[in-house]
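The model shown is predicted, which means the values in this text are computed figures rather than measured ones. Protein chains get the first letters and strands the later ones, always in sequence-line order, with residue 1 at the start of each.
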Amino acid sequence: GNSVTQMEGPVTLSEEAFLTINCTYTATGYPSLFWYVQYPGEGLQLLLKATKADDKGSNKGFEATYRKETTSFHLEKGSVQVSDSAVYFCALSTGANSKLTFGKGITLSVRP
Amino acid sequence: DTEVTQTPKHLVMGMTNKKSLKCEQHMGHRAMYWYKQKAKKPPELMFVYSYEKLSINESVPSRFSPECPNSSLLNLHLHALQPEDSALYLCASSRLVGETQYFGPGTRLLVL
């Protein structure tokens with residue numbers, strides 16, 4: 001079956017630090033990969049996505065590259081801000097009529 | 001525009017009450033979803049509608065009753081809930097089942 005593994009959290013960083021959040025997956029076929037962000041008290045927002053190998057998704061300074069050889073989709077940002085404090089979920093979908101499979105999520109706290 | 005709206009934002013109900021959650025999207029999406037999310041956990045899929053027909057029911061108790069009156073609206077009718085049903089209920093939509101999902105802000109439900 002499909003699964004998504006995220007690094008254990010929480011993660012606490014100082015403002016302007018570099019961020020990496022690891023995500024690896026197991027899937028049948030060729031999945032689409034997603035990062036969703038959930039700010040405190042809110043729903044999930046699509047942060048970025050990639051639909052095929054070597055695609056790079058990017059948004060709001062965040063980037064993630066679909067690595068088929070390592071089955072990974074790590075999230076990176078060069079300089080985090082306090083406003084990036086949120087829970088980040090990695091997820092995959094294997095196409096038509098498939099469900100979204102989520103990782104456990106990781107809480108990021110950025111201190112001033 | 002990738003907006004999914006949900007009402008109400010917050011809901012408190014007793015175990016004998018009947019209430020409904022509403023979800024709306026105007027993106028022309030033909031797949032709509034209900035999820036339940038407990039604190040610090042990823043969303044759990046409850047129901048999937050495709051072209052206004054129920055296509056997936058993840059063995060959800062009958063005290064939760066979904067309804068899709070048209071292609072833009074999705075309701076979740078609640079009756080005789082238990083305190084453990086307290087959670088954030090998220091609605092999502094996608095162009096078709098299996099494609100990128102866009103989430104609403106959620107309804108935070110408290111069952112007393």
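Between Gln101(B) and Phe34(A), the closest side-chain pair of non-hydrogen atoms is not below 4.5 Å. At least one side-chain heavy atom of Leu100(A) sits less than 4.5 Å from a side-chain heavy atom of Tyr35(B).
Proximity to chain A at a heavy-atom threshold of 4.5 Å picks out nothing from residues 8-16 of chain B.
For a residue to count as touching a neighbouring chain, one of its non-hydrogen atoms must lie under 4.5 Å from one of that chain's; by this rule Gln38(A) touches chain B with the side chain only. Only the side chain of Leu88(B) comes within contact range of chain A, with heavy atoms under 4.5 Å apart. Residue contact with chain A, scored on non-hydrogen atoms closer than 4.5 Å, is absent for Ser94(B). Contacts between Gln37(B) and chain A at a heavy-atom distance below 4.5 Å involve the side chain alone, from C-beta outward.
Among residues two or more places apart in sequence or in another chain, the side-chain contact (heavy atoms from CB on, under 4.5 Å) test is passed with Ala53(A) by Tyr66(A), Lys68(A).
Under a hydrophobic clustering in which Ile, Leu, Val, Met, Phe, Trp and Tyr are joined whenever their side-chain heavy atoms come within less than 4.5 Å, directly or via other members, Leu48(A) and Tyr25(A) fall into the same cluster. Under the 4.5 Å side-chain heavy-atom criterion for ILVMFWY residues, a single connected hydrophobic cluster contains both Phe62(A) and Ile106(A). Hydrophobic cluster membership is shared by Phe103(B) and Leu46(A), with clusters built from Ile, Leu, Val, Met, Phe, Trp and Tyr side chains linked at under 4.5 angstrom. Following chains of ILVMFWY side-chain contacts shorter than 4.5 Å, one cannot reach Leu44(A) starting from Val37(A), and the two form parts of different hydrophobic clusters. Under a hydrophobic-cluster definition in which Ile, Leu, Val, Met, Phe, Trp and Tyr are linked whenever side-chain heavy atoms come within less than 4.5 Å, directly or via other members, Leu19(A) and Tyr39(A) are assigned to the same cluster.
In this structure, OH in Tyr36(A) is found 6.0 Å from OG1 in Thr100(B), a value given to the nearest 0.5 Å.
Residues Pro42(B) and Lys104(A) come closest through the heavy atom pair CD-O, 3.8 Å.
For Glu8(A), the CD atom is loosely surrounded, since the number of other residues' heavy atoms within 6.0 Å does not exceed 12. Surrounding CD of Glu69(A) are more than 12 heavy atoms belonging to other residues, nucleotides or ligands, all under 6.0 Å away.
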All N/O donor-acceptor pairs, side-chain side in residues 86-96 of chain A, below 3.5 Å, sequence neighbours left out:
residue	atom	partner	partner atom	Å
Tyr88(A)	OH	Asp84(A)	O	2.6
Ser93(A)	OG	Ser98(A)	OG	2.9
Ser93(A)	OG	Gly98(B)	O	2.9

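Evaluation of the ring pair (Phe, Tyr, Trp, His ring centres under 6.0 Å) test over residues 51-101 of chain B, restricted to residues two or more places apart or in two chains, returns Phe64(B)-Tyr89(B).
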